[in-house]
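So you know, we letter chains A, B, ... as the sequences are listed, proteins then strands, and number each from 1.
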Amino acid sequence: MVSWLLATPGRLYVVATLLPLAACALLLVGGCLRGVCRPYRESHPIARFLYFFLGGHRPLRSGAYLATGAMALSAALAIFGLVRYLDEYQTLSPLEMHQHWVESTTWAKVETSGATAMTLEIGYRVDHLTALMFAMVAFVSTMIFVFSIGYMADETEELHEDHEAHITRPGRFGRFFLYLSLFCFSMLNLVIADNLFQVFISWELVGVCSFFLIGFYHERPSAAFAANKAFIVNRVGDAGFLIGLAIIWSQFGTFNIERIISDLAGGDPPISHGLLVAAGIGLFLGCVGKSAQFPLHTWLPDAMEGPTPVSALIHAATMVAAGVYLVGRCFPIFTPEVRLIIAYTGGITLFLAATIALVQTDIKRVLAYSTVSQLGFMMLALGVGGWVAGLLHLLTHAFFKALLFLGSGSVILGCHHEQDLMNMGGLRRRMPVTAYTMLIGVLAISGTPFLSGWYSKDMILSNAMGFGLQNREHMVLFILPLLTAGMTAFYMFRLWFLAFAGEPRGLEAEHAHESPGVMTVPLIVLAVFSVCVAWGWPLWDPHASYLGHLLEKALPGPAHGLAIDDSTHSSGWLALVVAASGFGLALLMYGTRTIDPTVWKARAGALYTFLREKWHFDELYDAVFVRPAVALGYGTARFDKRAVPPEQADAADRAVNVSSLDGVLNALGLGTMFFGARLRGAQSGLIRRYVTVLMAAAVALVAVLVVVYVGS
Amino acid sequence: MKELFSFLPSPFDLLAACLVIGIILISFIAVSGLFFTWLERKVSGRIQDRLGPTRVGKYGLLQSVADAIKLITKEDTSPDVADKFLFKLAPYLALCASFVAFVSLPFGNGIVGHNLNVAAFFILAVLSSEVFGVILAGYASGSKWSLFGGIREAAQVVSYEVPRSMCVLIPVIVAGTLNLNTIGVQQTGFFWQWNLFHDPFTFVAFFIFFIVATASCKRAPFDLAEAESELVAGFHTEYSGIRWSIFFMAEYASMFAVSGAAAILFLGGWHSGLLPFEPSLELGWFGHVLNVVVFVLKGWLLVFVMMWMRWSLPRLRIDQVMMTCLKYFLPISCVLLVGVCLWELFVPTIVGQVWRWASAVVCALGLVVLLVQMLTKALPGPKAGLPGAWEGMPTPLLRAKSA
Amino acid sequence: MTELGLTPYLCLGAFLFACGLLCIATKRNAVGILMGVELVLNAANVNFVACARFVPSFALEGQVFALLVIVLAAGEAAIALAIILNFYNNHATVDVDRADELKG
Amino acid sequence: MILFTAIASATGLSALAVVLSRNIVRSAVWLLFTLVGVSLLYFLLGAEFVGATQLIVYVGGTMVLVVFGVMLTAQQQFLKIRTRPQEWIVGIVLAGALFTLLATVSLRLGEGRTTAPTESMPGTGQLGVGFLTTYLLPFEIISVHLLVVLIGAAYLARAKRRPREGVASD
């Protein structure tokens with residue numbers, strides 16, 4: 001078995017991907033079996049044995065251990081695969097590399113008349129980017145699995161009292177891990193897929209899992225609504241993705257990314273420029289939907305309804321990153337115009353999200369908007385051609401954002417589900433580990449030197465600066481991120497000071513206690529990683545990150561030379577100045593309370609409420625899209641409404657009766673009845689009337705004949 | 001005839017010719033009508049062993065004239081409930097139907113109203129339409145009884161039409177044409193040339209035809225209209241005076257027409273049977289006269305036989321009449337028809353000729369013997385009592401003699 | 001007589017036909033309708049024979065047709081009368097307007 | 001020429017009388033005259049055989065049937081059944097229209113054929129031959145048809161028991 005794996009190490013990744021799926025399958029089967037045996041548990045011995053073996057009334061913890069173990073194993077395999085890939089990269093020729101790390105089988109063949117048969121394949125393709133991404137996702141997922149064992153502990157009770165939905169329901173511990181492992185499988189599958197169709201399948205699976213996990217507490221109406229919203233907005237993005245796919249399929253005839261890129265690179269591409277642009281926009285629209293970029297970003301803050309590990313895993317590290325990963329993977333497909341669109345979308349998103357994050361009071365909302373903003377950064381980087389910068393930021397961001405979210409998770413758990421920052425304060429003494437690990441995360445994200453955030457953000461800013469310098473009209477693409485970097489620092493430190501500094505303001509804050517070891521250990525590990533993951537010799541040179549060099553090796557052909565570094569290094573200094581000013585401002589306002597935030601809030605007034613209301617996007621979308629759709633729905637329903645019997649119908653009903661479809665159908669029926677009755681009259685049984693009609697007809701006929709005959 | 005009046009402009013000469021012929025025929029029928037009434041009375045008298053009319057005219061010859069005058073002067077009443085128009089119309093219908101038959105009846109070779117080549121068929125047709133007079137009369141006289149009488153009479157005549165047509169067909173098949181004139185011409189020569197003796201079937205066919213003809217004229221044994229007690233005189237009970245006489249005129253006319261047809265079809269028409277040649281050709285105009293005389297004599301002879309039958313045979317009931325027609329006459333005439341056809345097809349001429357001779361000789365001999373016996377048989381003296389059941393009954397003669 | 005063309009005969013035929021139809025349409029007595037039918041058939045026959053007379057090629061057919069029509073008319077009249085009588089026996093009336101059981 | 005007009009007008013008038021007469025028996029008689037008129041027409045046209053057949057079959061046969069029918073059914077109340085005036089009007093209008101149309105057609109038809117053809121109409125002989133050769137099939141069919149009609153009519157008109165009270169009452 002091992003020899004089989006070592007012969008083609010690519011298969012390592014396949015096994016790593018399938019492990020969470022296996023875990024998920026096992027949990028599912030176990031749960032169903034228990035459900036089936038439940039009614040027979042008294043009467044049937046075997047059923048009774050099975051029922052209690054699978055956990056009886058109380059949800060089983062062993063299921064969770066099983067899932068976490070599987071995830072840890074796949075993480076180990078991922079890291080082993082990464083190391084093996086890196087050393088083989090040095091030793092083997094590209095052809096051997098291709099044999100070891102690329103493999104695919106066809107599972108469906110579409111015979112279209114005339115054109116060559118199109119094939120649908122399943123396969124994997126490992127290169128630097130994939131290996132790194134796979135390792136990151138696997139590792140972060142494992143951390144979150146371990147964390148959620150602690151976090152979801154109260155779900156293990158037989159009757160769990162749900163405060164928000166005010167009902168008591170059986171615990172759903174097993175189910176949570178089932179969804180999580182399914183999600184991990186689909187994320188991993190997305191990363192290693194070598195053709196767009198497989199990407200699309202996992203893309204949808206990921207969306208579905210996010211729907212399940214957001215709506216985990218489905219008794220709560222807000223959770224259900226949020227899950228719905230997330231799924232529908234994602235679907236809008238997926239529609240774009242599908243259009244892009246269709247165009248590519250029809251033009252290239254294949255989904256394989258490698259072959260598409262080689263066709264594009266080689267001389268005359270089989271696709272016209274216009275169509276290529278359309279495909280690019282389509283694919284990017286998918287990413288916008290998935291990574292919550294500017295037009296379709298409203299679902300991410302609402303997605304915080306799900307349990308915190310979910311937010312950490314899905315809405316920080318992995319799923320939202322999928323969009324950026326896809327843009328990175330299919331980078332050559334995007335023409336310059338599309339890249340410009342990507343850049344601007346990224347720019348707008350980061351600025352918008354940052355401004356909203358400034359005024360948010362809910363701890364998870366702040367982090368959500370910071371995620372949206374950071375994703376904007378990545379999109380901007382890719383848009384301006386900084387392929388390595390964008391993806392490096394993706395990797396580093398995954399770590400410290402996961403850290404921040406888990407930290408907030410333990411804070412919420414500590415304060416007994418209290419999420420409002422205003423009721424927190426002074427938690428650093430009660431929850432020292434969480435406080436200081438979150439401090440590291442905050443420092444990393446705001447780009448303090450020698451931490452991972454600094455390396456990637458600085459690289460982005462320098463690329464943006466270079467791009468801006470080269471084509472002056474796009475200078476705004478540098479200014480926006482610069483400002484946002486300052487704002488990021490400001491709201492992150494604001495969060496930290498509100499939560500941990502000062503005196504506890506709420507009741508729960510006083511009684512807060514440190515989370516158990518199973519939650520603090522992942523925090524510490526993640527803190528360590530968010531510090532040193534982007535290090536490279538010499539330490540002080542932002543462009544020297546070892547991870548960055550690895551990524552450069554995976555740079556797709558046409559993307560070479562696009563990244564324009566800022567020659568004057570001024571972008572780095574500017575970033576530092578802006579970040580420091582942000583930190584200073586936050587310190588003054590929340591740390592030492594020299595500037596009273598309430599005064600500024602009053603003065604800002606309209607601007608403050610505007611930002612708090614999330615730029616009224618929700619209302620806008622509601623008015624523009626949701627309400628007309630609903631109205632249309634009701635209209636057609638009304639149209640199809642069953643016709644109300646006349647005696648009971650009031651004026652409106654009567655109007656509807658006539659217009660409604662049923663009315664039309666009934667009218668049709670009545671009409672024929674009416675004419676039928678008329679015709680029946682004609683058959684009066686009176687022979688003489690028949691004869692007269694006969695005569696009339698004869699006369700008419702003869703008249704016609706005469707006219708024709710005599711006339712001619 | 002048309003060339004006689006060639007001096008008149010085109011349409012009128014034809015008209016004049018038709019008128020002349022019409023007048024001749026009508027006068028002949030009228031005269032024969034009168035003669036027949038007289039003959040009827042005389043024959044019935046003789047058969048009933050009485051004299052018949054003697055007072056009026058030499059041998060009561062003027063009796064029929066007297067009757068005519070009486071009838072004309074009689075007041076012709078008509079029942080008020082009846083439909084006046086139809087009541088008056090009926091007799092004329094019957095009359096004209098029988099008169100029209102004479103149009104195509106050849107009295108002599110070429111002496112014919114209008115030489116139709118479907119003459120036989122025409123006569124049949126016209127005679128069949130005579131039924132209407134009967135029906136309408138029956139209906140128009142309003143009373144249910146006359147209606148019954150009329151309908152019975154009509155049913156009888158209509159049903160007898162079928163065997164009559166069959167029997168007419170038989171000589172037509174032998175002659176091969178419907179034109180009576182040609183049929184007559186074919187029978188020139190001695191009496192064995194007559195169709196009667198042509199083959200056994202025609203021989204029987206003559207007698208069947210004669211009986212059926214009397215029936216279709218509503219006479220003799222089949223005149224059930226007058227027979228029923230309640231029907232009184234059947235369809236013409238309500239008629240009196242001149243209308244009644246018209247009916248009778250029609251009846252005698254149809255009798256003569258039928259017997260004339262029988263004469264031509266079976267008895268050689270205007271041939272006396274004694275001259276081997278066609279008289280009209282050889283003897284010129286005298287031949288024609290001879291032909292006409294012979295034909296009329298034959299007609300009258302047959303009418304006499306009808307009268308003879310009438311006063312000697314008992315009447316038949318309505319169902320008996322129908323039964324005889326449908327169960328006896330129809331099958332017989334069918335058989336005869338088939339027989340004649342077969343005879344024509346298969347029997348060689350020699351056999352036909354032999355049969356002619358044999359049958360003619362036998363008939364002649366029979367006739368002679370019959371005559372001799374009649375003339376020589378001693379008449380029963382006045383003293384001899386009444387025969388059979390009336391034995392010993394006192395008769396006026398006996399009483400007169402005894403007194 | 002010969003200068004008379006085909007038209008008068010056809011006109012007479014047409015007239016008879018029209019009278020026949022009128023009779024059928026207006027008579028309320030079943031037998032009246034039967035008479036109307038007879039008239040119509042006769043009209044047709046007149047046309048047949050007239051055409052037979054004036055169209056040499058049609059001579060034989062015309063007459064044969066006329067004969068057939070006459071015979072058929074007789075048959076038809078028989079059946080019609082039988083039906084009328086039956087109707088009369090069953091419904092004690094011969095008025096056509098009463099015979100509307102077959103109405104829709 | 002005169003003969004034709006006489007006969008034609010007589011037939012026409014009697015046909016009209018059939019329609020117009022109130023009393024059913026009267027119209028029957030007029031029908032009789034029409035039929036006789038028509039048979040005279042046939043004789044005029046030279047088709048003696050057809051004329052004779054018309055006389056025998058129509059006048060002798062059909063008319064007898066019709067008159068029988070009339071007499072058996074025309075009890076007092078059915079003698080004169082009135083029809084509503086508007087039916088009359090419609091009928092007359094339609095009949096008039098029909099007649100005019102057919103007349104125009106016959107005018108057009110008759111243009112080419114004013115003179116009678118030289119050779120006379122086929123006599124009974126040719127007719128007979130025609131019937132048994134070219135038109136044998138219709139001849140046979142007619143015979144079978146008449147047989148069927150005979151049986152049918154007889155069956156229909158057979159003397160049934162007094163119709164059950166239920167049937168006669170409606």
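Nearest approach of D:Val57 to C:Ala74, heavy atoms of both residues: CG1-CB, 3.7 Å. What you find for D:Leu16 and C:Cys19 is that their closest heavy atoms are CD1-SG, 3.7 Å. Across C:Arg53 and D:Leu45, no two heavy atoms sit closer than the pair CD-O, 2.7 Å. Here the closest non-hydrogen pair linking C:Ile79 and D:Gly152 is CD1-C, 4.3 Å. When every heavy atom of C:Leu68 is checked against every heavy atom of D:Pro138, the shortest pair comes out as CD1-CB, 3.8 Å. In terms of heavy-atom proximity, C:Ala14 sits nearest to D:Leu102 at CB-CB, 3.5 Å.
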Problem - Pair D:Leu146-C:Val71, side chain to side chain contact (heavy atoms under 4.5 Å, CB included): steps then yes or no - result: CA-CA 8 Å; D:Leu146 279 182; C:Val71 170; 3.3 Å; yes
Could you check D:Phe4 against C:Tyr9 for ring-ring contact (aromatic ring centres under 6.0 Å, His included), going step by step and ending with a plain yes or no? CA-CA 9 Å; D:Phe4 165 74; C:Tyr9 288 101; 4.6 Å; yes
Discussion item. I'd like to know whether D:Val66 forms a side chain to side chain contact (heavy atoms under 4.5 Å, CB included) with C:Val31, so could you lay out the CA-CA distance, the side-chain angles of the two residues, the decisive distance to 0.1 Å, and finally the verdict.
Written reply: CA-CA 7 Å; D:Val66 165; C:Val31 181; 4.0 Å; yes
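D:Leu31 touches chain C through its side chain: at least one heavy atom from C-beta onward sits under 4.5 Å away, while N, CA, C and O do not. Using a 4.5 Å cut-off between heavy atoms, C:Ile70 contacts chain D through both its backbone and its side chain. Residue D:Ala28 touches chain C through both its backbone and its side chain, counting heavy-atom pairs closer than 4.5 Å. Interface remark: C:Phe17 contributes side-chain atoms only to the contact with chain D (heavy atom separation under 4.5 Å). Interface residue D:Ser27: backbone and side-chain heavy atoms are both found under 4.5 Å from chain C. Of the atoms belonging to D:Leu98, it is side-chain heavy atoms, and not backbone ones, that fall under 4.5 Å from chain C. Neither the backbone nor the side chain of D:Ile141 comes within contact range of chain C; no heavy atom of the residue lies under 4.5 Å from a heavy atom of that chain. In this structure, chain D has heavy atoms under 4.5 Å from both the backbone and the side chain of C:Asn45. Interface remark: C:Leu60 contributes backbone and side-chain atoms alike to the contact with chain D (heavy atom separation under 4.5 Å).
Residues C:Leu72 and D:Val149 form no side-chain contact, since every pair of their non-hydrogen atoms from C-beta on lies 4.5 Å or further apart. Proximity of D:Thr134 to C:Glu61: side-chain heavy atoms (C-beta onward) are nowhere separated by under 4.5 Å.
Chain C forms more heavy-atom pairs under 4.5 Å with one residue of D:Leu101, D:Ile142, D:Thr100 than with any other, namely D:Ile142. In terms of non-hydrogen atom pairs under 4.5 Å with chain C, the most contact-rich of D:Ala8, D:Gly130, D:Gly61 is D:Ala8. Residue with the most contacts toward chain D among C:Leu41, C:Val64, C:Ile24, C:Leu85: C:Val64 (heavy-atom pairs, distance under 4.5 Å). Among D:Phe68, D:Phe49, D:Phe99, the residue making the largest number of heavy-atom pairs under 4.5 Å with chain C is D:Phe99. Between chain D and the residues C:Val69, C:Val46, C:Leu67, the largest count of heavy-atom pairs under 4.5 Å involves C:Leu67.
Of the listed residues (C:Leu39, C:Leu22, C:Leu16), just one forms a side chain to side chain contact (heavy atoms under 4.5 Å, CB included) with D:Val18, and that residue is C:Leu39.
Rounding to the nearest 0.5 Å gives a distance of 7.0 Å between CG of D:Leu35 and CD of C:Glu38. Here NE2 of D:His145 is found 9.0 Å from CD of C:Glu76. Values are rounded to the nearest 0.5 Å. With rounding to the nearest 0.5 Å, the separation of OG in D:Ser21 from NZ in C:Lys27 is 5.0 Å. Between the CZ atom in C:Phe65 and the OH atom in D:Tyr135 there is a gap of 7.5 Å [rounded to 0.5 Å].
For the pair C:Asn86 (side chain) and D:Leu156 (backbone), a donor-acceptor distance under 3.5 Å is present.
Checked against ring-ring contact (aromatic ring centres under 6.0 Å, His included), D:Phe131 has the following partners two or more places apart in sequence or in another chain: D:Phe139.
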